[in-house]
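See structure below.
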Amino acid sequence: MAKVGYIFKANSYDALDADKEWMRQYGCVQVVEEECAHEALRPQWKQLMASLGRGDELVVAKFSNAVRDLRGLAALVELCRIKVVRLVSIHDKIDTLGELFPDTTAAQVLEMFGALPEEVAVLRKSSSHIMQLQQTIKPPVTKKAMSRAEREKTIVDMYNNGYPIDDIWKMSGFNSKSSIWRILNKYGVWLNRGRTSGPRVKKQQDETE
């Protein structure tokens, strides 16, 4: 049983240091900080969700900082219920064990649910605007800057962490998706998408490509 914190480092988020300190004081063994540039895929969030064990405690700065919509919040709450994970939101003043914020009312919880879509939209718009401004004054990193070994490792890691093939393809810079399957086969990745299951053989290659 362990306590772990998560913070999405939005460009407009000015309570980062205070929230990290709160989490450390609470006893979090690690505070995961997701970079703003990874907002679309949030790889560290996905890894954290997959690694949570029964009896662990997850601390977030605010639900609108951790999830991107009400469906994401519902999925988080359901996951924590199934895994018996205690869920704590600092600024929402919510503790699923009911100990840290005893004065939080049902009305306040419902208000949080109602305000979440707007808060998420404001956070994402602000972060996106700042990133656009930053990109106008320095050249973006091209896919060619990634070495062959790094690209192949990234493809394997993304597949194993559940990313859609389309997202992996866009990241890779390859002209054809068949190159993705070739690399997965090269590293002996066990395929588990759609009609494809197990080691990739030539017949499956022909059908997929």
Side-chain angles (χ1 to χ4, degrees), residues 1-10 12-124 127 154 156-164 167-168 189-190 192-193:
M1 296 185 292
K3 299 176 182 178
V4 61
Y6 174 87
I7 301 175
F8 170 62
K9 296 171 64 175
S12 58
Y13 191 66
D14 56 6
L16 176 64
D17 291 337
D19 290 343
K20 285 169 60 178
E21 182 60 25
W22 194 102
M23 292 175 183
R24 291 195 182 100
Q25 290 290 334
Y26 182 63
C28 290
V29 297
Q30 182 181 8
V31 176
V32 178
E33 298 179 47
E34 191 89 74
E35 295 296 331
C36 185
H38 299 157
E39 196 276 337
L41 298 178
R42 297 208 182 186
Q44 288 188 283
W45 173 257
K46 292 180 179 179
Q47 291 178 41
L48 176 58
M49 293 299 99
S51 63
L52 285 174
R54 185 179 181 86
D56 286 344
E57 296 186 28
L58 173 62
V59 183
V60 299
K62 192 174 177 67
F63 284 125
S64 59
N65 177 269
V67 300
R68 296 194 292 179
D69 49 34
L70 287 173
R71 184 172 60 180
L73 177 59
L76 171 61
V77 172
E78 177 66 2
L79 176 68
C80 290
R81 183 189 69 82
I82 293 172
K83 291 191 173 185
V84 195
V85 171
R86 181 180 184 179
L87 184 57
V88 175
S89 174
I90 300 172
H91 294 284
D92 294 311
K93 297 187 181 302
I94 292 176
D95 169 17
T96 55
L97 202 59
E99 294 179 354
L100 294 177
F101 312 106
D103 295 331
T104 299
T105 65
Q108 290 172 317
V109 174
L110 291 175
E111 183 179 356
M112 179 276 297
F113 273 94
L116 187 138
E118 182 179 358
E119 290 181 4
V120 170
V122 171
L123 181 145
R124 296 184 70 184
S127 296
T154 300
V156 172
D157 288 345
M158 289 182 71
Y159 187 90
N160 286 334
N161 281 302
Y163 287 95
D167 289 347
I168 301 174
V189 175
W190 185 273
N192 56 9
R193 306 289 172 78

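Remember, it's a predicted structure, so these values are computed and weren't measured experimentally.
- Proximity of a side-chain donor or acceptor of Thr104 to a complementary backbone N or O of Lys93 within less than 3.5 Å is detected.
- The distance from the CE atom of Met49 to the CG atom of Leu58 is 5.0 Å, given to the nearest 0.5 Å.
- The side-chain heavy atoms of Val60 and Val67, taken from C-beta on, include no pair separated by under 4.5 Å.
- Taking the side chain as every heavy atom from C-beta outward, Ile7 and Met23 approach each other to under 4.5 Å.
- Side chain of Asp92 to backbone of Phe63: a donor-acceptor contact under 3.5 angstrom is found.
- Judged by distance alone, the side chain of Lys83 and the main-chain N or O of Leu52 form a donor-acceptor pair under 3.5 Å.
- Phe8 and Cys36 make their closest contact through CE1-CA, 3.8 Å (heavy atoms, listed as atom of the first residue, atom of the second, distance).
- From Leu87, atom CG reaches atom CD of Glu57 across 10.0 Å, with rounding to the nearest 0.5 Å.
- Counting heavy atoms from C-beta outward, Tyr163 and Pro43 have side chains that approach closer than 4.5 Å.
- Between Arg54 and Val84, the shortest heavy-atom distance links the atoms NH1-CG2, 3.1 Å.
- Counting all heavy atoms, side chain and backbone alike, Cys28 lies closest to Gly5 at SG-N, 3.7 Å.
- Inter-residue side-chain proximity for Val85 and Leu79 is flagged as unmet; no heavy-atom pair is nearer than 4.5 Å.
- Heavy-atom contacts from other residues, nucleotides or ligands closer than 6.0 Å to CD of Glu111 number 12 or fewer.
- Annotation: the span from Glu35 atom CD to Arg42 atom CZ amounts to 12.0 Å, rounded to 0.5 Å.
- Val4 has its side chain out of reach of Asp56: every pair of non-hydrogen atoms, C-beta onward, lies at least 4.5 Å apart.
- In this structure, Asp69 CG and Leu116 CG are separated by 8.0 Å, a value rounded to the nearest 0.5 Å.
- Between Asn65 and Glu119 there is no side-chain heavy-atom pair separated by less than 4.5 Å.
- Taking NE2 from His91 and CE from Met112, the interatomic distance works out to 14.0 Å, rounded to the nearest 0.5 Å.
- Leu100 approaches Arg86 most closely through the heavy-atom pair CG-NH2, 3.6 Å.
- Judged purely by atom type and a 3.5 angstrom limit, Gln44 has no side-chain atom pairing as donor or acceptor with the backbone of Val32.
- At least one side-chain heavy atom of Glu33 sits under 4.5 Å from a side-chain heavy atom of Leu16.
- The two atoms that bring Lys3 and Tyr26 nearest to each other are NZ-O, 3.0 Å, heavy atoms only.
- Note: Ile168 CD1 to Tyr159 OH = 7.5 Å, rounded to the nearest 0.5 Å.
- A 6.0 Å sphere centred on CD of Glu118 holds no more than 12 heavy atoms belonging to other residues, nucleotides or ligands.
- Looking at Gln108 and Ile94, their side chains never come closer than 4.5 Å, going by heavy atoms from C-beta outward.
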